[in-house]
Number of protein chains: 2
Amino acid sequence: MNLVSIYAKKLRNSGLRPTKQRIKICEVLFDTEKTFHFSINDLSKIVNNKSSQKISLATIYNTVHAFKEKGYLKQIPLNANQAYFDTNISDHHHFYDVKEKKLIDLDNSDVGPINIYKKINGKKIKSVEVLVKLED
Amino acid sequence: MNLVSIYAKKLRNSGLRPTKQRIKICEVLFDTEKTFHFSINDLSKIVNNKSSQKISLATIYNTVHAFKEKGYLKQIPLNANQAYFDTNISDHHHFYDVKEKKLIDLDNSDVGPINIYKKINGKKIKSVEVLVKLED
DNA sequence: CACGTAGTTTAGAATCATTATAAACTAGTT
DNA sequence: AACTAGTTTATAATGATTCTAAACTACGTG
Ligand SMILES: [Mn+2]
Ligand SMILES: [Mn+2]
Ligand SMILES: [Zn+2]
Ligand SMILES: [Zn+2]
C-alpha cells in the first residue's frame, strides 16, 4: 500500500474527501522522518514549489484547520503575528529563540513531570504546554 | 506621596515622560489589589469610560508596548486573534478555558517545579511559561 | 520666564493575517 | 449518467496591529 492510498484512507476515515489538494498537502506534511513547524505561508510556498498545479491559499487555510480539528496537526501557543503549526502531535513543548524567532522541540523527556495542583470546578485538563523563551 | 507622583517617578525612572495619558493608564492598570488580563481593546474601553478626555487607540498601543518593554506588563503566549496582556508580572502560568475563552492565573505555587533538561548552545533560559488548556 | 528640542499624542492610512462569500468544480452514490 | 454534498477557488471583507506625519507637550537651558 503506497502513501497516497494511506493518506486517502486516513482522510476518508476522518470524514474528509481525499482530494488531490489534500493528498498533496499530506505528502508535504507527513512524508518525512522529521516533524516540523510551519506557518500557513511557509506551507503554501513549500506545496506550490513542488508542482505547477497550484493550490489556493484558501485551501491551505481550510486544510490546515481541518487537519488541526482532526488532530493531525497542532497549533503552537505563541505570540507572533501569524499562527504556527506543528506536525509533531505528540505531547511535547517548545523552546522559542526570541532573537532568531525560531521554535525548537522540547520532547516530553526533556522536561521533568509537570504537576498542576490547582483545580477548576467542572473543568478538566486538556493539554499542558510549556514555552521556554531563550535569550543569548 | 500619592499614587500619581509614584507613577510619575516610576515613568521618569524608566525614561518615559509622565504624560497625563500614561498616568491615567497607570491608574487603570496598577491602582488595584488584583492583577488582571486584558486586550488592547479592553484597556481602551476601560480607560475611556473613566473620563471624557479620551486617549487615542494609538496611544494605548504605544503605552502598552512601552510598559511591556520596561517590564511593567507581560504578554501572555496564547493563540488568539488579539494579544493579551497581564498586569501580574510575577513568574506564573495560566489556565485557558477554551470554551469560555477565559484566562485564569496559575501561581507558581500551583505548579510543581519545572525542570528543563535540554540545553541549547549559547542560549540561556529567559522564561518558562505553562499554558494549561481546560475543557468540560 | 521664554525658547528650543526631543519625546509624545493623535487621526487617519496602510499592512497583512485570517475569514467570509459565492460560484465553479468534483468525489462518491444511486 | 445524474445527483448531491463536499470542496476549491478567486476575490472581497474583516480586524488587529503598525505606520505616518503633523500637532502638541514636558522639561532642560539661558
Ligand atoms: Mn515562517
Ligand atoms: Mn477581551
Ligand atoms: Zn514542536
Ligand atoms: Zn496572569
Side-chain angles (χ1 to χ4, degrees), chain A residues 4-5 7-28 37-48 51-70 72-73 75-85 101, chain B residues 4-5 7-28 37-48 51-70 72-73 75-85 101:
Chain A
V4 169
S5 33
Y7 295 140
K9 180 181 248 178
K10 176 174 173 174
L11 289 167
R12 267 196 215 92
N13 287 343
S14 316
L16 297 171
R17 288 188 183 169
T19 62
K20 63 180 188 309
Q21 290 88 345
R22 285 175 177 158
I23 297 286
K24 207 201 290 184
I25 292 171
C26 279
E27 287 171 346
V28 168
H37 305 136
F38 64 92
S39 70
I40 294 284
N41 242 298
D42 294 336
L43 181 58
S44 176
K45 280 192 194 123
I46 298 167
V47 162
N48 287 322
S51 83
S52 51
Q53 167 58 40
K54 305 301 179 197
I55 298 178
S56 77
L57 191 57
T59 296
I60 307 274
Y61 271 98
N62 291 340
T63 303
V64 167
H65 286 153
F67 286 8
K68 179 189 168 188
E69 193 76 18
K70 299 299 180 182
Y72 304 144
L73 289 174
Q75 188 172 354
I76 302 167
L78 190 67
N79 293 136
N81 64 159
Q82 77 261 60
Y84 281 86
F85 298 89
K101 297 191 179 189
Chain B
V4 168
S5 34
Y7 296 141
K9 180 182 247 179
K10 177 174 170 173
L11 289 167
R12 267 196 215 92
N13 287 344
S14 316
L16 298 171
R17 288 188 183 169
T19 62
K20 64 181 189 307
Q21 290 87 345
R22 285 175 178 158
I23 296 285
K24 208 201 289 182
I25 292 172
C26 279
E27 287 170 348
V28 168
H37 305 134
F38 63 93
S39 70
I40 294 285
N41 242 299
D42 294 336
L43 181 57
S44 175
K45 280 190 192 124
I46 298 167
V47 162
N48 287 322
S51 83
S52 51
Q53 167 58 41
K54 307 302 180 196
I55 298 178
S56 76
L57 191 58
T59 296
I60 307 275
Y61 271 98
N62 290 341
T63 304
V64 167
H65 286 154
F67 286 7
K68 178 188 169 189
E69 194 75 19
K70 297 301 180 182
Y72 304 144
L73 289 174
Q75 187 171 355
I76 302 167
L78 189 68
N79 293 136
N81 64 158
Q82 76 262 60
Y84 281 86
F85 298 89
K101 297 192 180 189

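The sequence lines fix the lettering, A, B, ..., with proteins before strands; numbering per chain opens at 1. This is a predicted model, so every value here is computed, not measured.
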Item to check | Between C1' of D:dT25 and CG of B:Asn62, the distance in whole Å | outcome: 15 Å

Item to check | Euclidean distance, atom CG of residue B:Asn79 to atom P of C:dT18 [Å, nearest integer] | outcome: 10 Å

Checklist entry - Which nucleotide, C:dA20, C:dT26, C:dT10, lies nearest any side-chain atom of A:Arg17? => result C:dT26

Item to check | From C:dA20, D:dC27, C:dA17, nucleotide with atom closest to B:Arg12 side chain | outcome: D:dC27

Item to check | Rounded distance (Å) that lies between atom P of C:dA17 and atom OH of A:Tyr61 | outcome: 7 Å

Checklist outcome for this item: Closest non-hydrogen atoms of B:Leu11 and B:Pro18, given as atom of the first, atom of the second and distance, are CD1-CA, 3.7 Å

Checklist entry - Of all the choices, D:dT9, D:dT17, D:dA16, which nucleotide is nearest to the side chain of B:Leu57 once you look at every atom? => result D:dT17

Next on the checklist: Nearest whole Å is fine: how far is C:dA17 P from A:Lys45 NZ?
Outcome noted: 9 Å

Next on the checklist: So if I take every side-chain heavy atom of B:Ile40 and compare against D:dT9, D:dT17, D:dT7, which nucleotide ends up nearest?
Outcome noted: D:dT17

Next on the checklist: Please check this pair: side chain of A:Ser14 against backbone of A:Lys10, looking for a donor-acceptor N/O pair closer than 3.5 Å.
Outcome noted: yes

Item to check | Nearest to side-chain heavy atoms of A:Thr19, which nucleotide of C:dT8, D:dT8, C:dT10 | outcome: D:dT8

Item to check | Listed nucleotide nearest any side-chain atom of B:Thr59, set C:dT9, D:dT8, D:dC27 | outcome: C:dT9

Checklist entry - C:dT9, D:dA16, D:dA10: which one has an atom nearest the side-chain heavy atoms of B:Gln21? => result C:dT9

Checklist entry - Do B:Ser44 and B:Asn41 get their side chains close enough for a donor-acceptor pair, meaning under 3.5 Å? => result no

Checklist entry - Can A:Thr59 and A:Asn62 be counted as having a side-chain donor-acceptor contact under 3.5 angstrom? => result no

Checklist outcome for this item: Per atom distances to the A:Ala58 side chain, the nearest of C:dT9, D:dA10, D:dC19 is D:dA10

Next on the checklist: With a 4.0 Å limit, can you tell me whether B:His65 has a side-chain N or O closer than that to the phosphate oxygens OP1/OP2 of D:dT17?
Outcome noted: no

Checklist entry - Relative to the 5' end of DNA chain D, which residue comes earlier, B:Gln75 or A:Leu16, by the nucleotide with the nearest heavy atom? => result A:Leu16

Checklist outcome for this item: Rounded to whole Å, the CD1-C1' distance (B:Ile55 to D:dT25) equals 15 Å

